[in-house]
2 protein chains.
Amino acid sequence: MDEKLAKGHYDLMVLDVMMPGEDGLSICKRLSAEKRLPIIMLTALGQDQDRIVGLEIGADDYLPKPFNPRELLARIKAVLRRAPEEMSEAGALSGRILRFGGLALDTDAHVITDRDGNRVQLTTADFRLLTVLLARPRTVLSREQLLDLTAGRAAGPLDRTIDNQISRLRRKIETDALRPTLITTVRSHGYSLNADVEVIA
Amino acid sequence: MDEKLAKGHYDLMVLDVMMPGEDGLSICKRLSAEKRLPIIMLTALGQDQDRIVGLEIGADDYLPKPFNPRELLARIKAVLRRAPEEMSEAGALSGRILRFGGLALDTDAHVITDRDGNRVQLTTADFRLLTVLLARPRTVLSREQLLDLTAGRAAGPLDRTIDNQISRLRRKIETDALRPTLITTVRSHGYSLNADVEVIA
DNA sequence: GGGTGCCTGATACAAAGCGCTACAATCGCG
DNA sequence: CGCGATTGTAGCGCTTTGTATCAGGCACCC
């Protein structure tokens, strides 16, 4: 599945939960975090709790078995109706250069260039954090989410990792690091990138 | 309902089907044709057929009664998650400059600029409160509403949080904080923003 | 017109959140 | 195996924010 997803383009995924190997919920969590692929969960687990968990994890809809094929079809259409066309590729920042807030990020060289032509080298951590933010502009992301998306791990109770990395990233890309405008803090929620992102080439 | 819809901004509608007067399905059909307002149908009609019809008519989701409140909440969140940004209130105001009462609010930098060019930095709480007010100019909002909209929580019996935040916000944006003109107090009801709001760029 | 009670504005304070620095652990690279 | 760069952890201190409290103002009543 991962191979196919990486290669081709898909509009929507219908996902079972109980499967050998990786769990459907796990897949859903993984995908909804990194991609913007609409997901409909379709499973024998029909309890309220199962549905709630499925939806909270990032599924767009949840249909318990046994189901009416026509209902599945109707729900697929309903989900697709809401999904904007660009959404399928909005998260995939496959372009080489990304423009945002007066800066340009070279996704190959991991280099930021500002309007004056100054170049700053990003470390791998900088780059991953920035990429995650760029994939969801103008969206508040919690430290938990950011840590999961950048490092793939859960946050400890006193985890200040993301704060630190944000601080380091700001020093590299903000014009005035004391009053950041690109990456703003949303107190007790997380951080958000305040700029429109444009993919070039 | 139509009056309210025409006047204010709404992120999502939860709609019953069997109501006196106009039918829920009819409303749904009407709205999904003209507006792009996400709709969740919530009704006692739980047959496959009913669900399919509801979804095909334009509903984004369909939840039969009796329902688990947490599931409704999860489905609301799921629908909002995939709703395009411009439809939500935060999205409608993001990345813009808002003019009101001689001031300009930069919604990216969270900075207020007055006619003389003086700049004031808003805190997150300031900004959220102001944003909520700007979204509903010349409307009286109760403390309860404001607290719900800004912090998403309910007010305790002796909750003076909003009073305090209004006070702090006034100090930053009112020319004469002792006699406020922009944010006026409506005794025993709440507060209201007294200015027309103009969205720029 | 003056008292009375409720409502609001402002201040003070405590707690929580966050930015930043310093340092240790880890990684990458030869 | 060693060195430098990078990254996670700890902790200090400032800012922000919720709560308590007091004082002033408005409405209402007589």
Side-chain angles (χ1 to χ4, degrees), chain A residues 109-112 120-132 140-192, chain B residues 110-112 120-132 140-192 194:
Chain A
H110 296 197
V111 166
I112 287 279
V120 185
Q121 178 71 47
L122 298 184
T123 68
T124 30
D126 292 335
F127 181 73
R128 296 197 63 172
L129 180 57
L130 181 55
T131 305
V132 166
V140 180
L141 293 165
S142 68
R143 287 152 230 272
E144 184 88 21
Q145 284 177 294
L146 289 169
L147 196 61
D148 185 28
L149 292 168
T150 53
R153 64 188 179 86
L158 295 172
D159 210 316
R160 305 289 306 281
T161 306
I162 292 298
D163 298 57
N164 205 337
Q165 292 198 354
I166 289 280
S167 175
R168 282 168 177 146
L169 182 56
R170 273 178 176 159
R171 232 169 294 165
K172 293 193 179 179
I173 68 174
E174 293 280 357
T175 42
D176 181 1
L178 293 178
R179 269 170 311 167
T181 57
L182 263 179
I183 302 175
T184 52
T185 307
V186 181
R187 194 181 168 84
S188 76
H189 290 255
Y191 299 94
S192 87
Chain B
H110 297 193
V111 166
I112 285 279
V120 185
Q121 178 75 44
L122 298 184
T123 68
T124 6
D126 294 334
F127 180 74
R128 295 193 65 167
L129 179 57
L130 181 55
T131 305
V132 166
V140 180
L141 293 165
S142 69
R143 286 153 230 272
E144 184 82 25
Q145 284 177 295
L146 289 170
L147 196 61
D148 183 31
L149 291 167
T150 52
R153 64 188 178 89
L158 295 172
D159 210 315
R160 304 291 307 281
T161 306
I162 292 298
D163 298 60
N164 204 340
Q165 292 197 354
I166 289 280
S167 173
R168 282 169 176 145
L169 182 56
R170 274 176 176 159
R171 235 170 291 167
K172 292 194 180 180
I173 69 174
E174 293 280 358
T175 43
D176 181 1
L178 294 178
R179 267 163 308 170
T181 55
L182 263 178
I183 302 175
T184 52
T185 307
V186 182
R187 196 183 167 84
S188 75
H189 287 95
Y191 299 95
S192 86
N194 241 31

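Order of the sequence lines sets the chain letters (A, B, ...), proteins ahead of strands, with each chain counted from 1. Because only heavy atoms are used, hydrogens play no part in the values below, and waters and symmetry mates are left out as well, while side chains stay in.
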With the threshold set at 4.0 Å, does a side-chain nitrogen-carboxylate oxygen contact exist between R153(B) and D148(B)? no
Proximity to the side chain of T185(B) - top-ranked nucleotide from dA10(C), dG9(C), dT19(D): dG9(C)
Please determine, for the side chain of Y191(B), which listed nucleotide (dT8(C), dC20(C), dG8(D)) has the closest atom? dT8(C)
Nucleotide nearest T124(A) when distance is taken to its side chain, options dG18(D), dT19(D), dT7(D): dT7(D)
From C-beta outward on Q165(B), which listed nucleotide comes closest to its side chain: dT7(D), dT17(D), dT9(D)? dT17(D)
Should the pair R168(B)-D126(B) be classified as a salt bridge under the 4.0 Å nitrogen-to-oxygen rule? no
Return the minimal non-hydrogen interatomic distance between E174(A) and L182(A), and the atom names on each side. OE2-N, 2.9 Å
Counting side-chain heavy atoms from C-beta on, which of dG9(C), dA27(D), dA16(C) comes nearest to R187(A)? dA16(C)
Within the modelled atom types, does a donor on one side and an acceptor on the other bring the side chain of R160(B) and the base of dG9(C) under 3.5 Å apart? yes
Of dT8(C), dA10(C), dT17(D), the nucleotide closest to the side chain of R168(B) is dT17(D)
Taking the minimum atom-to-atom distance to the side chain of T123(A), which one of dC22(D), dT11(C), dT6(D) wins? dT6(D)
Taking all non-hydrogen atoms of both residues, which atom of I183(A) and which atom of R170(A) are closest, and how far apart? O-NH2, 2.9 Å
